[in-house]
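Proteins come first, then strands; the chains are lettered A, B, ... in the order of their sequence lines, and each starts at number 1. Here the structure is a predicted model, which means the values were calculated and not measured.
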Amino acid sequence: MALENLFGLVKDRWNGITGNNPPAEKPKNEPAPAEIPAAPGFKCPRCLTVTPTDVFAAGMKVCPNCNYHSRISADERIEMFTDKGSFTEFDVTMKSLNPIDFPGYEEKQRELAERLKMNDGMVTGLCTLRGEKIVLGVMDSRFMMASMGSVAGEKITRAFEYATREGLPVIMFTASGGARMQEGIISLMQMAKTSAAAKRHSDAGLLFISIMTDPTTGGVEASFASLGDIIIAEPKVLIGFAGRRVIEGTIKQRLPDDFQSAEFQLAHGFIDMICERRFLRRTVAHLIKLHK
Amino acid sequence: MSEKIKNSAWEKLKIIREKNRPTVKDYLPLLFDDFFELHGDRLYGDDAAIIGGVGLFDGVPVTVISQVKGRNLAENKAGNFAMPHPEGYRKALRLARQAEKFHRPVICFIDTPGAFCGIEAEKRGQGEAIARNLFEFITLKTPVISVVLGEGGSGGALALGICDRLGVLENSIYSVISPRGAASILWKDAGKEKDAAEVLKITATDMLNFGIAEKIIPEPPGGAHTDTKRTANAITDFLSESINLLKQADIDNLLEKRYLKFRNLGVYAE
Ligand SMILES: [Zn+2]
């Protein structure tokens with residue numbers, strides 16, 4: 001099946017993934033101002049269609065034109081996915097230190113914490129889904145691309161350990177640029193730590209569902225995110241180990257547009273299914289029932 | 001040259017990039033008797049970037065798994081500059097499971113710039129292959145000892161680094177990102193590699209301080225390439241000491257300690 005031009009602008013999206021900077025807005029891909037309706041709204045980074053804010057929100061922040069499942073905050077995800085008011089967050093006050101004295105890291109953290117009202121891009125907690133108790137983890141890419149440092153690593157590990165003790169399923173929504181370079185080798189070790197905790201949960205015979213959202217890459221894709229008993233992805237999200245630019249730099253040619261899409265991963269056998277956001281609650285609840 | 005500069009990450013990088021730096025192929029005959037190479041992951045292919053097999057260490061059978069740097073361009077091309085594909089990691093896991101079955105210790109040598117970044121590697125699940133090794137090695141019911149021979153590059157190195165004891169050669173480095181990659185992200189200038197190398201804390205001493213490595217394996221003055229035999233002797237000492245220490249532990253105890261070694265790595269406030 002010929003895939004449509006899913007990742008026409010993927011390079012621009014990747015710019016935000018490897019580093020700690022928000023995705024670069026590249027003027028060359030911006031349509032001339034005259035083509036854009038002046039009304040406020042969500043401009044799809046892929047098809048460039050502008051959707052009025054209320055329509056976009058009512059549609060669970062999916063582009064109505066091309067079905068791009070946009071990045072959403074952890075709060076929005078929790079609101080959409082869990083039973084209303086059921087979520088209790090774990091480790092709310094946990095925050096990063098600066099293990100390798102990385103220049104500017106503390107300031108960056110402080111600035112983001114203030115602006116986003118959160119201490120890290122990883123949020124974990126206990127909640128119910130259609131009445132079933134689950135341990136939930138959600139990554140918020142607004143916070144340093146939800147790169148995995150000590151805080152994310154510890155929160156994920158504790159979430160798995162808690163679920164192992166209590167005999168509960170774990171559901172993780174992943175979205176990350178990978179390991180957090182600013183914590184040096186300590187961030188690399190979080191891959192080992194989270195995978196180890198996932199193993200203990202698995203060995204206890206418990207269910208782990210990994211839900212890959214835009215983008216799931218690098219050290220997160222190469223650790224717990226790929227270790228779900230069942231792996232689900234939202235449509236058209238980016239999933240992969242190596243950065244697109246890195247590969248293009250090596251092979252000196254342009255990659256196919258659908259490279260590293262959810263659809264690409266399904267075709268190559270690395271995920272179980274692609275599920276639209278609006279069906280996630282019922283799909284995951286059903287899967288949990290099948291494992292009781 | 002002052003002592004401080006000599007010990008800088010940049011100086012160490014220069015030493016490990018020395019073209020005569022010994023590779024696993026130099027060490028194998030000095031460390032093991034009767035090494036017998038085993039091939040393939042039984043799923044797709046045989047990755048020459050990772051060599052594996054069985055040999056005798058001090059008369060005892062051990063499984064050896066290693067990334068293979070080349071000693072010349074032809075060898076490097078054959079081994080893809082020690083950057084494994086998924087089938088390399090899957091071969092490593094297959095051999096580790098075999099070692100578990102036959103109650104042999106596993107000895108992993110890490111020497112890679114990182115897992116290969118390419119179309120085929122992505123199609124065959126590079127991320128999944130690395131993740132799977134992290135997931136399985138943590139409960140492998142036999143002692144696992146890893147040694148960083150030179151370059152420990154990112155997740156591609158960690159996939160052979162889930163172990164009970166990690167030894168790092170004195171001039172080796174272990175890093176989440178190459179100094180070059182960090183420089184291009186940090187300062188948009190890959191040329192500032194030297195500064196990035198210092199910032200990232202990648203030396204053997206750093207690994208010991210963070211609790212990631214158990215031991216620094218000494219190299220001769222000037223680096224391993226000045227005396228391969230002497231370096232091999234130092235590696236032998238580390239392996240002997242480690243095997244003696246680990247073979248006494250009962251398996252549940254060993255696995256609990258291995259879990260905690262990684263579980264406790266992290267620096268945060270509450
Ligand atoms: Zn769109």
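Q190(A) places a side-chain N or O within 3.5 Å of a backbone atom of L265(B) that can act as its donor or acceptor partner. Not one N or O on the side chain of E170(B) forms a donor-acceptor pair closer than 3.5 Å with the backbone of I216(B). In this structure, D214(A) contributes its side chain and L238(A) its backbone to a donor-acceptor pair below 3.5 Å. Side chain of N209(B) to backbone of D206(B): no donor-acceptor contact under 3.5 angstrom is found. Within the 3.5 Å criterion, the main-chain N or O of M94(A) finds no donor-acceptor partner in the side chain of E270(B). The closest donor-acceptor contact from the side chain of E136(B) to the backbone of L93(B) lies at 3.5 Å or more, if one exists at all. Checking side-chain atoms of S150(A) against main-chain N and O of V267(B) turns up a donor-acceptor pair under 3.5 Å. Listed for the D229(A) side chain is a donor-acceptor partner under 3.5 Å among the backbone atoms of F208(A). In this structure, the side chain of S184(B) does not engage the main chain of A190(B) through any donor-acceptor pair within 3.5 Å. The closest donor-acceptor contact from the side chain of S154(B) to the backbone of V176(B) lies under 3.5 Å.
Using a 4.5 Å cut-off between heavy atoms, R258(B) does not touch chain A at all. With a 4.5 angstrom heavy-atom cutoff, E221(A) touches chain B via backbone and side-chain atoms both. With a 4.5 angstrom heavy-atom cutoff, L255(B) touches chain A only via backbone atoms. For I130(B), the parts lying near chain A are the backbone and the side chain together; criterion is any non-hydrogen pair under 4.5 Å. If you measure heavy-atom distances from D91(A) to chain B, the contacts under 4.5 Å come from the side chain alone. Proximity to chain B is absent for every atom of N98(A), based on heavy atoms less than 4.5 angstrom apart. For T250(A), the part lying under 4.5 angstrom from a heavy atom of chain B is the side chain only. When heavy atoms are compared at a cutoff of 4.5 Å, I100(A) approaches chain B by way of both its backbone and its side chain. Heavy-atom distances place the side chain of I212(B), and not its backbone, under 4.5 Å from chain A. Contact annotation for S202(A): only side-chain heavy atoms (C-beta onward) come within less than 4.5 Å of a heavy atom of chain B.
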Y268(B) vs E154(A), test: side chain to side chain donor-acceptor pair (under 3.5 Å). Steps then yes/no. CA-CA 9 Å; Y268(B) 53 88; E154(A) 183 68 21; 3.2 Å; yes
Show, in sequence, the C-alpha distance, side-chain angles and deciding distance for Y259(B) and R200(A), and conclude whether the side chain to side chain donor-acceptor pair (under 3.5 Å) test is met. CA-CA 9 Å; Y259(B) 182 81; R200(A) 287 205 158 178; 4.9 Å; no
Show your reasoning for whether salt bridge (charged side-chain N to carboxylate O under 4.0 Å, His left out) applies to R94(B) and E87(B). CA-CA 10 Å; R94(B) 179 177 79 83; E87(B) 51 272 26; over 6 Å; no
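When each of K69(B), K12(B), R17(B) is checked for a salt bridge (charged side-chain N to carboxylate O under 4.0 Å, His left out) with E151(B), only K69(B) meets the rule. Between D120(A) and the options K95(A), R180(A), K155(A), a salt bridge (charged side-chain N to carboxylate O under 4.0 Å, His left out) holds for only R180(A).
Heavy-atom proximity under 4.5 angstrom to chain A picks out G155(B), L158(B), I162(B) from residues 155-163 of chain B. The interface of residues 74-85 of chain B with chain A, defined by heavy-atom distances below 4.5 Å, is empty.
Among G152(B), G211(B), C117(B), G114(B), the residue with the largest count of heavy-atom pairs under 4.5 Å with chain A is C117(B). Contact count against chain B (heavy-atom pairs under 4.5 Å) is highest for A197(A) among A267(A), G149(A), A197(A). Interface remark: of the candidates G266(B), G181(B), A182(B), G266(B) forms the most heavy-atom pairs closer than 4.5 Å to chain A. Options S226(A), G219(A), S195(A) differ in how many heavy-atom pairs under 4.5 Å they form with chain B, and the most are formed by S195(A). Taking I186(A), I185(A), L255(A), T93(A) one by one and counting their heavy-atom pairs under 4.5 Å with chain B, the maximum is reached by I185(A). If you tally non-hydrogen atom pairs under 4.5 Å between each of V92(A), V151(A), L227(A) and chain B, the highest count goes to L227(A). For chain B, the option among G104(A), A198(A), G153(A) with the highest count of heavy-atom pairs below 4.5 Å is A198(A).
Across all non-hydrogen atoms, the minimal contact from S261(A) to D258(A) is OG-O, 2.7 Å.
Residues K199(A) and T139(B) bring a donor and an acceptor atom of their side chains to less than 3.5 Å of each other.
Within a 6.0 Å sphere centred on CD of E107(A), other residues, nucleotides and ligands contribute more than 12 heavy atoms.
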